[in-house]
Amino acid sequence: MVHLVRKKNGIEPFKQFLESYLKYPAGIRHELLILYKGFTRSAERAPYEALLSGVRHSFLTVADFGFDLRAYFIAAERSTSEYLCFLNSFAVLMDKDWLLKLYRHIRKPDVGLVGATGSWGSLRSGQVRKLPLWKKILKPFVRPARRAYFDLYFDTFPNYHIRTNGFMISRNTMGRIRRGVILTKMQVYRLESGKNSITKQVEQMGLTAVVVGKDGLSYDKEEWASSGTFWRGDQSNLLISDNQTRNYDNGDADDRRMRQLFAWGSFDSRLADGSGER
């Protein structure tokens, strides 16, 4: 299990993750790898290592560029584990046996990617222009000069993709992903949700990508909107939270509605109140 710790984010997100890690047993034996990003001296890691006193772990340091996904690929290349679970800096575990729940599904012969959350959302301009309140959070993505770029690199809605805040994959499958250069945020978006995303590459291998909820069940991509895991209802089935799921929890009704529409479109009339969960 690989947890990314970015120096720029400060120690508080790590404290929240570690509190949840100690509270909720993983349910399966595993190795904890702390992926320190942007730490140049051992003294900078000392407060984090002090919190980890008594917790069996190893660590790897990487430079603070290339965003989360670049660091994950570096960790995968250096790992000898058959399966890898990646959690970003803002991940917080929400239930016991969280790793076992993911592992049970990634081991299935037809599954190549397991995530705690997924989305149908697309940055392609056609969807963005239809969203109410889009100016609030999506204005940078709808300027005319950028529309052609999004049309070139992103599929139209529904654009199925596993979110990379928390996911599990085999090392073999990870090694087959064509990632190119990962130096800008837009390159990260393309690898997460573009036409050549991790999810789509896994599907091209003849494997499926599923979301796993707190209930331990797996959900195929057509079921993600009703899985109760991301930007819908009260997200009561969420297994691993992050800053985006917490932003939704803390948002007002208009903000929630806008996020629901971006992630799920006009899935059905129940989106407004989150009813009709599986």
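FYI, side chains are in, hydrogens and waters are out, and symmetry mates aren't considered; it's all heavy atoms of this structure. Keep in mind that this is a model prediction, so the values were computed, not measured.
Taking every heavy atom of both residues into account, Phe154 and Gly194 meet most closely at CD2-CA, 3.6 Å. Residues Leu238 and Lys214 approach most closely at O-CE, 3.3 Å, considering heavy atoms. Counting all heavy atoms, side chain and backbone alike, Gly27 lies closest to Asp97 at CA-OD1, 3.2 Å. Closest approach of Gly251 to Arg256, counting heavy atoms only: O-NE, 3.9 Å. A pairwise comparison of heavy atoms in Leu191 and Gln201 identifies CD1-NE2, 4.3 Å as the closest pair. The two residues Asn9 and Ser89 have their closest heavy-atom pair at ND2-CB, 3.4 Å.
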Task: Trp224 and Arg232: CA distance, side-chain angles, deciding distance, side chain to side chain contact (heavy atoms under 4.5 Å, CB included) verdict - done: CA-CA 10 Å; Trp224 293 351; Arg232 186 163 182 209; over 6 Å; no
TODO: Would you sort out whether Asn247 and Asp255 count as a side chain to side chain contact (heavy atoms under 4.5 Å, CB included), showing the intermediate values?
DONE: CA-CA 9 Å; Asn247 286 343; Asp255 181 76; 5.7 Å; no
TODO: Report the C-alpha separation of Met1 and Leu32 in whole Å, then their side-chain angles, then the decisive distance to 0.1 Å, and conclude whether the side chain to side chain contact (heavy atoms under 4.5 Å, CB included) test is met.
DONE: CA-CA 5 Å; Met1 197 282 283; Leu32 173 61; 3.2 Å; yes
Task: side chain to side chain contact (heavy atoms under 4.5 Å, CB included) between Met168 and Leu99, worked out - done: CA-CA 9 Å; Met168 196 168 191; Leu99 188 58; 4.1 Å; yes
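Contact annotation: the side chain of Arg124 approaches that of Lys195 to within less than 4.5 Å [non-hydrogen atoms, C-beta and beyond]. At least one side-chain heavy atom of Val202 sits less than 4.5 Å from a side-chain heavy atom of Ile177. Proximity of Val210 to Lys108: side-chain heavy atoms (C-beta onward) are nowhere separated by under 4.5 Å. In this structure the side chain of Glu49 reaches within 4.5 angstrom of the side chain of His57, judged on heavy atoms. Considering only heavy atoms from C-beta on, Ile34 stays 4.5 Å or farther from Arg45 through its side chain.
For Ser79 (side chain) and Ala76 (main-chain N/O), no donor-acceptor pair under 3.5 Å exists by modelled atom type. Judged by distance alone, with hydrogens and angles left aside, the side-chain atoms of Glu44 form no donor-acceptor pair with the main-chain N or O of Lys7 at under 3.5 Å. In terms of modelled atom types and a separation under 3.5 Å, the side chain of Asn159 and the main chain of Ser193 share a donor-acceptor contact. Not one N or O on the side chain of Gln16 forms a donor-acceptor pair closer than 3.5 Å with the backbone of Pro13. The backbone N or O of Ala91 sits less than 3.5 Å from a side-chain atom of Asn88, completing a donor-acceptor pair. Using a distance-only test at 3.5 Å, with no hydrogens or angles considered, no donor-acceptor pair links the side chain of Ser122 to the main chain of Phe157. The closest donor-acceptor contact from the side chain of Ser81 to the backbone of Leu84 lies at 3.5 Å or more, if one exists at all. The closest donor-acceptor contact from the side chain of Ser53 to the backbone of Ala50 lies at 3.5 Å or more, if one exists at all.
For Phe86, the ring pair (Phe, Tyr, Trp, His ring centres under 6.0 Å) criterion is met by Tyr72, Phe167, not counting sequence neighbours. Listed by chain and number, the residues in a salt bridge (Lys or Arg N to Asp or Glu O under 4.0 Å) with Lys221 are Glu203 (sequence neighbours excluded). Residues satisfying the ring pair (Phe, Tyr, Trp, His ring centres under 6.0 Å) criterion with Tyr160, sequence neighbours excluded, are Trp120. Among residues two or more places apart in sequence or in another chain, the salt bridge (Lys or Arg N to Asp or Glu O under 4.0 Å) test is passed with Arg78 by none. Here Phe59 pairs with Tyr36 under the ring pair (Phe, Tyr, Trp, His ring centres under 6.0 Å) rule; sequence neighbours left out. Remark: Arg6 pairs with Asp64 by the side-chain hydrogen bond (donor to acceptor under 3.5 Å, both in side chains) rule, at least two apart or across chains. The salt bridge (Lys or Arg N to Asp or Glu O under 4.0 Å) check on Asp68 picks up nothing, with sequence neighbours excluded. In terms of the ring pair (Phe, Tyr, Trp, His ring centres under 6.0 Å) criterion, residue partners of Tyr153 (sequence neighbours excluded) are, by chain and number, Tyr149.
A cation-pi contact, defined as under 6.0 Å to the ring centre and within 45° of the axis, links Arg179 to Phe73.
Other members of the hydrophobic cluster containing Val181, listed by chain and number, are Phe65, Leu183; membership follows side-chain contacts under 4.5 Å among ILVMFWY residues, whether direct or relayed.
By the rule that hydrophobic residues join a cluster once side-chain heavy atoms approach within less than 4.5 Å of another member, Leu60 and Leu87 end up as members of separate clusters. Cluster membership for Leu18 and Leu35, using ILVMFWY side-chain heavy atoms within less than 4.5 angstrom, is not shared.
Around the NZ atom of Lys96, the shell of radius 6.0 Å holds no more than 12 heavy atoms that belong to other residues, nucleotides or ligands. Other residues, nucleotides and ligands contribute more than 12 heavy atoms inside 6.0 Å of the CD atom of Glu77. When the shell of 6.0 Å around CD of Glu19 is examined, it contains 12 or fewer heavy atoms from other residues, nucleotides or ligands. Residue-environment remark: CZ (Arg107) stays at or below the threshold of 12 foreign heavy atoms within 6.0 Å.
A parallel orientation is assigned to the rings of Phe14 and His3, their planes being inclined by less than 30° (bins at 30° and 60°).
Separating the CH2 atom in Trp231 from the CZ atom in Arg257 is a distance of 14.0 Å, to the nearest 0.5 Å. Here Ile198 contributes atom CD1 and Ile162 contributes atom CD1; the two are 10.5 Å apart, rounded to the nearest 0.5 Å. Distance OG/Ser241 to CG/Asp95: 12.0 Å, rounded to 0.5 Å. Here CD1 of Ile28 is found 13.5 Å from NZ of Lys101. Values are rounded to the nearest 0.5 Å. Between the CG atom of Leu123 and the CG atom of Asp155 there is a distance of 11.5 Å, given to the nearest 0.5 Å. The CG atom of Leu51 lies 6.5 Å from the NZ atom of Lys15; values are rounded to the nearest 0.5 Å.
Residue pairs that meet the side-chain hydrogen bond (donor to acceptor under 3.5 Å, both in side chains) test with at least one member in residues 161-170, sequence neighbours left out, are Thr117-Arg163, Thr117-Asn165, Arg163-Asn165, Arg163-Asp242, Thr164-Glu192, Asn165-Asp242, Ser170-Thr173. Applying the side-chain hydrogen bond (donor to acceptor under 3.5 Å, both in side chains) test to pairs two or more places apart or on separate chains, those with a residue in residues 25-34 are Tyr21-His30. Screening residues 89-110 for ring pair (Phe, Tyr, Trp, His ring centres under 6.0 Å) gives Tyr83-Tyr103 as the qualifying pairs, with residues at least two apart or on separate chains.
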